[in-house]
Amino acid sequence: MSGSLSTAVNKPVDGLFDDAAEKAAVGLWTRAIERLKARLSRHTFQTYFEPIKPVSLYAGELTLAHSSKFMIDWVRDNLLDVLLQDLEAQHGARCTVKFVVRERPGTETEGEAPSPAQQQRTEITANVATTSPGIPVRPPTLNTKYTFDSFVVGPSNQFAVAACTAVANAPGKAYNPLFLYGGVGLGKTHLVHAVGNHALKANPNCHVLYLSSEAFTNDLIHALEQHKMPEFRARYREKCDILLLDDIQFLGNKKQTMEEFFHTFNALHEAGKQIFVTSDKLPNEIEGFEERLRSRFQWGLIADIQPPEVETRVAILKKKAATDNIHLPDDVALFLGSHIRSNVRELEGSLIRLAAFASLTKSSITVDLAKDVLKTVLVVRGDKPDVEQIIRLAGEQMQVRPQDIKGERRQQGIARARQVAMYLTRRITGLSYPAIGEKFGGKDHSTVINAEQRIEQLMREDPELRATVESLLRRLNG
Ligand code: ADP
Ligand code: MG
């Protein structure tokens, strides 16, 4: 990777550095997302793009900050390559993106100016401050977007929705406790909020407490440290009519938190207050989950939520598109709905990715565009070799072990085989650079870009390497 962007600051000059680098970053980023803003709905834009803050631009590395690690991962997986393409097209030079997690301006976890050595790396910093133990938690408020109205009902979730509706209409009376379980991204959190929103609408004086089990744990730790257990108990046992505890599987093996939750549970249940928890596992599948808690959940109703069928997936896509003002033709909705089967979050992600891509390239949303943009997430049916096969075959031919290809060693023979395998993966699977990096033992996307360029160059200069690569390509393509 070479060439810094024209607007980039080339040399850190003490105090000057921050200002100039920030200005450059803001300029580049603003221009990059301007077109998106014009094309995407306000809601989509505000959810996905506005919270991203440009921090600095130095030698082709743009540092962006976001308050949520989750959203950073999402942007990296779904939008980074699309954005990079656009950034690079505008400036005629390669650039890399680094993300930092930042709670509020000026408090980033990883915020110093990037050094030239960092130039080729994209770093995703972990540790979102709100989940550190011992930090007081303000229970998050309910997301008003997550309602029963915005939830698409189908055979996979109608039982869960019926149970949730009953609980929302008669908290503490219908099913208590309600235990909702199901895989990631299937709508558990959405339904939890829907119950809270519905109950509050019916009775604005109702005390609804929503939080993740992690937040509950942190709150407890904080209360213990600060000797504020009476306040903690009052908060969860007395001033609470509906306790919504998300992702209770996190309590497994946390003895003291389970103990406290057990007493909270009993106090609420005795007082006829509603308890609604979600989990990605059944009570008896949660490792280290106490028997007495398990049996408590048998008192109420255990409802499951399954992955949606294709009709429901298409209906969800259409609803999201309508809410977000995305023009989604029927054939594209059907195409996405039949190919993206993992979960609803992926489904939403691909719709936003498609809309962003269409708007950046000023094209309309068609099945062909969808195929092109969604290569990374589409379930490839059968015929293409996967990354593991490519690594194995390239390793065989170039006499390097697969684990070395995925490893860190930089010895020339190994490095070359790694570059060849990355190049082949890109050609054959069309996966995004970050996705390929991930498959090669967690390498940065810029490493993959470099590998591709290097092999392209070597294929022009070195007939032997060219023959090797071409033979591999033929074998892999059958
Ligand atoms: P979980 O908590 O089970 O991991 P979420 O509730 O966070 O999943 O759902 C992921 C995303 O998918 C959310 O944006 C949610 O609104 C959406 N979603 C899931 N199921 C549906 C559905 N049936 N109708 C509409 N949106 C859905
Ligand atoms: Mg959830």
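In listed order, ligands and their atoms are each counted from 1. None of these values were measured; they are calculated from a predicted model.
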>> Checking the N or O distance criterion of under 3.5 Å, is ligand 1 in contact with Gly185?
In response: yes
> Do you see a donor-acceptor pair shorter than 3.5 Å between the side chains of Asp246 and Tyr210?
Replying inline: yes
>> Distance alone, cut at 3.5 Å: any donor-acceptor contact between the side chains of Ser150 and His190?
In response: yes
>> Looking only at distances, can you tell me whether any N or O atom of Phe151, backbone or side chain, sits closer than 3.5 Å to an N or O atom of ligand 1?
In response: no
> Can an N or O of Val184 be found at a distance shorter than 3.5 Å from an N or O of ligand 1?
Replying inline: no
>> So, with waters excluded, how many protein N/O/S atoms does the Mg ion (ligand 2) have closer than 2.8 Å?
In response: 1
>> Can you name the atoms of ligand 1, numbered from 1 with element, that are less than 4.0 Å from a heavy atom of Asn157?
In response: 23 (N)
> So, Glu452 versus Tyr433: side-chain donor-acceptor pair below 3.5 Å or not?
Replying inline: yes
> Evaluating non-hydrogen atoms only, which member of Val152, Leu191, Asn143, Leu186 is closest to atom 24 (N) of ligand 1?
Replying inline: Val152
>> Minimum heavy-atom separation for Pro308 and Val344, please, with both atom names.
In response: CG-CG2, 3.9 Å
>> Looking at every heavy atom in both Ile305 and Phe151, which two are closest together, and how far apart are they?
In response: CD1-CZ, 4.2 Å
>> Test of understanding: given a 4.0 Å heavy-atom threshold, classify the contact between Leu347 and ligand 1 as side chain, backbone, both, or neither.
In response: neither
> So which heavy atom in the protein is nearest atom 8 (O) of ligand 1, and how far is it from that ligand atom?
Replying inline: Gly187 N, 3.1 Å
> Where is the tightest heavy-atom contact between Leu209 and Arg235, given as atom of each residue plus distance?
Replying inline: CD2-O, 3.7 Å
>> Heavy-atom pairs closer than 4.0 Å: do any link ligand 1 to the side chain of Ser150, the backbone, both, or neither?
In response: backbone
> Is Glu348 touching ligand 1 with its side chain, its backbone, both, or neither, if touching means heavy atoms under 4.0 Å apart?
Replying inline: side chain
> Is Ile316 close to ligand 1, meaning an N/O of one under 3.5 Å from an N/O of the other?
Replying inline: no
> Taking the six-membered ring of Phe262, is NZ or CZ of Arg296 closer than 6.0 Å to its centre and within 45° of its axis?
Replying inline: no
> Which option out of Lys145, Arg313, Lys188 puts a heavy atom nearest to atom 3 (O) of ligand 1?
Replying inline: Lys188
> Checking side-chain contact (heavy atoms from CB on, under 4.5 Å) for the pair Phe261/Ile248: CA distance, chi angles, key distance, verdict?
Replying inline: CA-CA 10 Å; Phe261 177 65; Ile248 200 171; 3.7 Å; yes
> Looking at ligand 1, does Lys320 have a heavy atom less than 4.0 Å from it?
Replying inline: yes
>> I need the atoms of ligand 1 closer than 4.0 Å to a non-hydrogen atom of His190, numbered in the order shown.
In response: 6 (O), 15 (C), 16 (O)
> Does any donor atom in the side chain of Thr312 or Glu309 lie under 3.5 Å from an acceptor atom in the other side chain?
Replying inline: yes
> Ring centroid separation for Phe232 and Phe216, is it under 6.0 angstrom?
Replying inline: yes
> How about Tyr181 and Phe297: are their ring centroids closer than 6.0 Å?
Replying inline: no
> Gly183 heavy atoms, cut-off 4.0 Å: which ligand 1 atoms fall inside?
Replying inline: 3 (O)
>> Which residue and atom name correspond to the protein heavy atom nearest atom 7 (O) of ligand 1, and how close is it?
In response: Arg345 NH2, 2.8 Å
>> Just to confirm my output: which protein heavy-atom neighbour is closest to atom 12 (O) of ligand 1, and how far is it?
In response: Val344 CG1, 3.2 Å
>> Under 3.5 Å, is there a donor on one side chain and an acceptor on the other for Asp149 and Thr147?
In response: no
> Of the non-hydrogen atoms in Lys255 and Glu290, which two are nearest, and what is the gap between them?
Replying inline: O-OE2, 4.1 Å
> Which pair of heavy atoms, one from Pro283 and one from Phe289, lies closest together, and at what distance?
Replying inline: O-CD2, 3.8 Å
